[in-house]
Amino acid sequence: MARKFFVGGNWKCNGTTEEVKKIVTTLNEAKVPGEDVVEVVVSPPFVFLPVVKSLLRPDFHVAAQNCWVRKGGAYTGEVSAEMLVNLSIPWVIIGHSERRQLLNESNEFVADKVAYALSQGLKVIACIGETLEQREAGITMAVVADQTKAIAAKIPSWNNVVLAYEPVWAIGTGKVATPAQAQEVHADLRKWIHSNVSAEVASSVRIIYGGSVNGGNCKELAVQPDVDGFLVGGASLKPEFIDIINSAT
Ligand SMILES: O=C(COP(=O)(O)O)NO
């Protein structure tokens, strides 16, 4: 089954109003393939979601970088899925490794968040990935399978889920996974989904790669059969993000 290429831009905790407006101008002026070829979703910090959404070209979409695990209420500092829906924000990134590590978000907690966000009608970029220690210990597949299993156990459908494999050792380090490393994990993840979810989901779910993707390395990654796109951090704040979008296969 042909899977539409997906390019996400995770702006993380960066930007001012002026800076995000400049990025949006660059995106709006970019010459890129149509939505039938590549799905582009940019993810500014919460505070800039309304302004980015109001200025962004209609064929690109926005995501929040997180949302709360249940209905809003006495949860100081949190942003609920309902609030994102109210702002017509269609996507949300959940389980990014920076949150798993810095805020101790467990596999279960991430899975509950994915399930709740889907239940409110959001589309989810669900992040998984192993640490350098886990890779060096040879347990990469066990770790990402556990992370995926927790999510699979809690969601009724994968229709609105994009799975982002982001090896922690490649995030922000400039040490991108080789095409072979990325393809190996993506293929194993698709096999795991085939055996534990369904053949249909395995062939249709997009598995995207994140971790030091840039304009120079995106093409050799994009041609890998089980790499369906990217979740880009640092480079999504730069004009080279357009090159990454244009690497869509
Ligand atoms: O965290 C990342 C990747 O970040 P970098 O591209 O800066 O490695 N995506 O969500």
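For ligands, and for the atoms within them, numbers begin at 1 and follow the listed sequence. Please read all numbers here as calculations on a predicted model, not as lab measurements. We use all heavy atoms of the structure for the numbers below, so side chains are in, but hydrogens, waters and symmetry mates are not.
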> Does a donor on one side chain sit under 3.5 Å from an acceptor on the other, for T131 and E133?
Replying inline: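 Judged by distance alone, the side chains do pair up.
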>> Whether the N66 and K113 side chains hold a donor-acceptor pair (N or O, under 3.5 Å, no angle test) is what I'd like checked.
In response: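 On atom types as modelled, these side chains qualify, holding a pair under 3.5 Å.
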> Which residue pairs satisfy the salt bridge (charged side-chain N to carboxylate O under 4.0 Å, His left out) criterion with at least one member in residues 7-21, sequence neighbours excluded?
Replying inline: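 Residue pairs with at least one partner in residues 7-21: K12-E98.
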> Any donor and acceptor pair, going by atom type alone, linking the side chain of Y165 with main-chain N or O of A182 inside 3.5 Å?
Replying inline: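 Looks like no, no N/O pair under 3.5 Å.
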Which pairs of N or O atoms, one from ligand 1 and one from the protein, are separated by less than 3.5 Å, and what is the distance for each pair?
unit_1   : atom_1 : unit_2 : atom_2 : d
ligand 1 : 1 (O)  : K12    : NZ     : 2.7
ligand 1 : 1 (O)  : H96    : NE2    : 2.7
ligand 1 : 4 (O)  : K12    : NZ     : 3.3
ligand 1 : 6 (O)  : S212   : N      : 3.4
ligand 1 : 6 (O)  : G233   : N      : 2.9
ligand 1 : 7 (O)  : G234   : N      : 2.8
ligand 1 : 8 (O)  : G172   : N      : 2.7
ligand 1 : 8 (O)  : S212   : N      : 2.7
ligand 1 : 9 (N)  : E166   : OE2    : 2.5
ligand 1 : 9 (N)  : L231   : O      : 3.4
ligand 1 : 10 (O) : N10    : ND2    : 3.0
ligand 1 : 10 (O) : H96    : NE2    : 2.9
ligand 1 : 10 (O) : E166   : OE1    : 3.1
ligand 1 : 10 (O) : E166   : OE2    : 2.7

> Where does the angle between the aromatic ring planes of W68 and F109 fall among parallel (under 30°), tilted (30 to 60°) and perpendicular (over 60°)?
Replying inline: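 The rings of W68 and F109 stand perpendicular, inter-plane angle above 60°.
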>> Go through it in stages, so that I can follow the logic: the residues are M83 and I89, the test is side-chain contact (heavy atoms from CB on, under 4.5 Å), and I'd like the CA-CA distance, side-chain angles, deciding distance and then a yes or no.
In response: CA-CA 9 Å; M83 290 170 184; I89 306 297; over 6 Å; no
